[in-house]
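Both backbone and side-chain heavy atoms feed into the values below; hydrogens, waters and symmetry mates do not. For ligands, and for the atoms within them, numbers begin at 1 and follow the listed sequence.
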Amino acid sequence: HAKTLGKGQFQFYTESLNVAARERLALDSALRQAIEQDGLHVVYQPKVGAHGQLYGFEALVRWDSEAFGSVSPARFIPLAEENGLIGHLTWFVLRHACHQAATWRAQGHGHLRVAVNISPSLFREKDLAALVQSVLDAAGLPPENLELEITEGMLMGDVQRALAVLKELKAMGVFIAIDDFGTGYSSLAYLKRFPIDILKVDRSFVMECDLGNEAVAITRAIVSLAHSLNLRVVAEGVETASQLAVLNALGCEEFQGYLFAKPLPGPEAAAFLDAAPAA
Ligand code: C2E
Ligand code: MG
Ligand code: MG
Ligand code: MG
């Protein structure tokens with residue numbers, strides 16, 4: 001009897017594994033199709049100063065799939081990194097973001113930076129700088145209007161390679177931001193060696209900043225470290241006025257989060273832009 005049960009269980013597990021594998025495969029090919037057929041779109045979340053001045057937007061990719069509904073980037077970005085689609089996806093987002101920024105520039109908003117997330121795997125490609133330059137050229141966007149958000153993990157691993165690519169990008173004139181800072185393992189000493197402009201404090205610290213606990217102490221340390229290295233500090237995921245008050249008192253220069261706006265489709269971002277006080 002035990003044998004039969006064991007066999008049945010085994011069958012059950014292979015069944016569910018097959019279901020998961022099949023769904024993954026279907027998701028994979030749907031994503032491939034979405035990328036090829038313009039099925040993705042880009043939304044823009046404002047980054048503002050304490051008085052609502054607008055400094056720029058972070059471009060975030062969205063996928064509304066016919067078969068899967070709206071799929072979170074937290075789910076499909078890792079998939080795209082595994083199946084090799086991340087290059088195409090990033091190129092798509094870069095093109096849209098740079099075109100959007102060029103349009104805003106032409107409308108008199110020449111100071112705005114648009115930020116694009118760059119995946120670690122892409123960072124290892126040797127032609128990243130060339131790709132970025134070609135997109136800037138095609139959009140007619142000056143490099144100082146583009147910011148690239150990379151994560152700490154990228155600074156680990158092949159440090160020499162990361163340094164070389166960053167220097168190339170920096171020489172072009174684009175801004176470099178470290179995203180989700182505080183969640184990785186990068187040595188603080190590394191920060192000094194890399195040509196970085198901006199540090200984004202991770203939402204997990206921001207979230208707890210109004211609780212008066214150790215998150216405030218950590219955030220204070222991050223901000224003071226950043227400022228001693230001449231970096232601008234952006235707080236991500238700001239949701240409440242009391243978080244904003246604490247972060248502002250700590251000296252953060254820019255704020256991004258639902259307190260100000262969710263990521264917005266292009267036309268709504270333009271409306272936000274028109275309503276914001278001059279930076
Ligand atoms: P991220 O770069 O740290 O982006 C910030 C995420 O926090 C976004 O989620 C944004 O919608 C969310 N967020 C912003 N403000 C708030 C807030 O006040 N409260 C809360 N709870 N969340 C807030 P999203 O768009 O789902 O993106 C998740 C992650 O997916 C991003 O984290 C980024 O790592 C990745 N991602 C998104 N778009 C792209 C892309 O175009 N390329 C690459 N490589 N990765 C992307
Ligand atoms: Mg980001
Ligand atoms: Mg972030
Ligand atoms: Mg984050």
Side-chain angles (χ1 to χ4, degrees), residues 31 34-35 39-48 55-64 69-101 113-125 128 131-132 135 146-154 175-184 196-210 219 222 232-244 247 252 254-266 268-269 272:
L31 180 60
I35 292 173
L40 304 175
H41 64 279
V42 181
V43 289
Y44 300 89
Q45 188 176 36
K47 296 182 186 179
V48 305
Y55 291 118
F57 293 92
E58 176 174 6
L60 294 157
V61 68
R62 291 292 177 264
W63 179 27
D64 299 316
S70 129
V71 188
S72 162
R75 182 151 176 235
F76 68 81
I77 294 290
L79 181 65
E81 286 184 47
E82 279 172 45
N83 66 16
L85 290 173
I86 191 67
H88 295 277
L89 186 147
T90 305
W91 184 54
F92 176 93
V93 177
L94 260 177
R95 271 186 302 145
H96 281 260
C98 289
H99 180 76
Q100 183 61 264
R113 273 181 277 117
V114 68
V116 174
N117 292 282
I118 302 292
S119 284
S121 56
L122 234 141
F123 200 75
R124 287 187 283 271
E125 306 247 328
L128 180 60
L131 171 83
V132 171
V135 173
L146 178 64
E147 177 181 321
L148 301 177
E149 295 192 3
I150 63 177
T151 51
E152 288 169 87
M154 243 173 288
F175 285 83
I176 310 287
I178 301 292
D179 202 359
D180 303 334
F181 188 80
T183 57
I196 296 157
D197 307 286
I198 296 152
L199 211 153
K200 294 187 78 176
V201 180
D202 189 62
R203 188 168 75 87
S204 56
F205 302 111
V206 169
M207 251 167 67
E208 298 194 342
C209 261
D210 52 356
T219 307
I222 292 175
R232 262 177 101 72
V233 182
V234 181
E236 70 170 19
V238 182
E239 294 184 356
T240 70
S242 55
Q243 288 165 358
L244 172 64
L247 292 158
C252 292
E254 299 182 22
F255 310 91
Q256 179 185 353
Y258 297 167
L259 177 64
F260 303 97
K262 295 208 164 181
L264 309 165
E268 284 174 48
F272 187 95

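- Under 2.8 Å from the Mg ion (ligand 3) lies an N/O/S atom of Asp180, whether from backbone or side chain.
- Residue contact check: Asp179 has heavy atoms under 4.0 Å from atoms 1 (P), 2 (O), 3 (O) of ligand 1.
- The distance from ligand 1 to the heavy atoms of Val61 drops below 4.0 Å at these ligand atoms: 38 (N), 39 (C), 40 (C), 41 (O).
- Of all the heavy atoms of Asn117, the ones lying under 4.0 Å from any atom of ligand 1 are found in both the backbone and the side chain.
- Of all N/O/S atoms in Glu236, OE1 sits nearest the Mg ion (ligand 3).
- Cation-pi geometry between Arg232 and Phe175 is not satisfied (NZ or CZ under 6.0 Å from the ring centre, within 45° of the ring normal).
- The aromatic ring centroids of His88 and Phe92 lie 6.0 Å or more from each other.
- Under the salt bridge (charged side-chain N to carboxylate O under 4.0 Å, His left out) criterion, Glu147 pairs with Lys47, Arg113, not counting sequence neighbours.
- No part of Gln256 comes within 4.0 Å of ligand 1, judged by heavy-atom distances.
- Close approach to Ser119 involves these atoms of ligand 1, each under 4.0 Å from a residue heavy atom: 44 (N).
- Under the side chain to side chain donor-acceptor pair (under 3.5 Å) criterion, Glu268 pairs with no residue, sequence neighbours left out.
- Only one option out of Ile222, Asp202, Val233 pairs with Phe181 in a side-chain contact (heavy atoms from CB on, under 4.5 Å); it is Ile222.
- If you number the atoms of ligand 1 from 1 as listed, the ones under 4.0 Å from a heavy atom of Gln45 come out as 14 (C), 15 (N).
- Contact annotation: Asp179 places an N, O or S atom under 2.8 Å from the Mg ion (ligand 2).
- At least one N, O or S atom of Glu58 sits under 2.8 Å from the Mg ion (ligand 2).
- Glu58 and Gln45 form no side-chain donor-acceptor contact under 3.5 Å, judged by distance and modelled atom types alone.
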For Leu148 and Leu146, what are the C-alpha separation, side-chain angles and deciding distance, and is it a side chain to side chain contact (heavy atoms under 4.5 Å, CB included)?
CA-CA 7 Å; Leu148 301 177; Leu146 178 64; 4.1 Å; yes
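- The Glu239 neighbourhood of ligand 1 comprises atoms 17 (C), 18 (O), 19 (N), 20 (C), 21 (N), with distances under 4.0 Å to a heavy atom of that residue.
- No other N/O/S atom of Glu149 lies as close to the Mg ion (ligand 2) as OE1 does.
- Heavy atoms of Glu58 come nearer than 4.0 angstrom to ligand 1 in at least one pair.
- Residues Asp180 and Thr151 have side chains that never bring a donor and an acceptor to within less than 3.5 angstrom of each other.
- Side chain of Glu208 to main chain of Phe205: no donor-acceptor pair is present (N/O by atom type, distance under 3.5 Å, no hydrogens or angles).
- Heavy-atom proximity to Gly257, at under 4.0 Å, picks out these atoms of ligand 1: 15 (N), 18 (O).
- At a heavy-atom cutoff of 4.0 Å, ligand 1 is contacted by the side chain of Arg62 but not by its backbone.
- Which parts of ligand 1 touch Pro73 is read off a 4.0 Å heavy-atom cut-off, strictly below it: atoms 24 (P), 25 (O), 26 (O), 27 (O), 30 (O), 37 (C).
- With hydrogens and angles ignored, the 3.5 Å screen pairs a side-chain donor or acceptor of Gln243 with a backbone N or O of Glu239.
- The part of Glu236 lying near ligand 1 is the side chain, judged by heavy-atom distances below 4.0 Å.
- At a heavy-atom distance under 4.0 Å, no atom of Thr90 approaches ligand 1.
- Listed for the Glu149 side chain is no donor-acceptor partner under 3.5 Å among the backbone atoms of Ile176.
- Counting all heavy atoms, side chain and backbone alike, Ser119 lies closest to Ile86 at OG-CD1, 3.4 Å.
- Only side-chain heavy atoms of Asp180 come within less than 4.0 Å of ligand 1; its backbone N, CA, C and O stay farther off.
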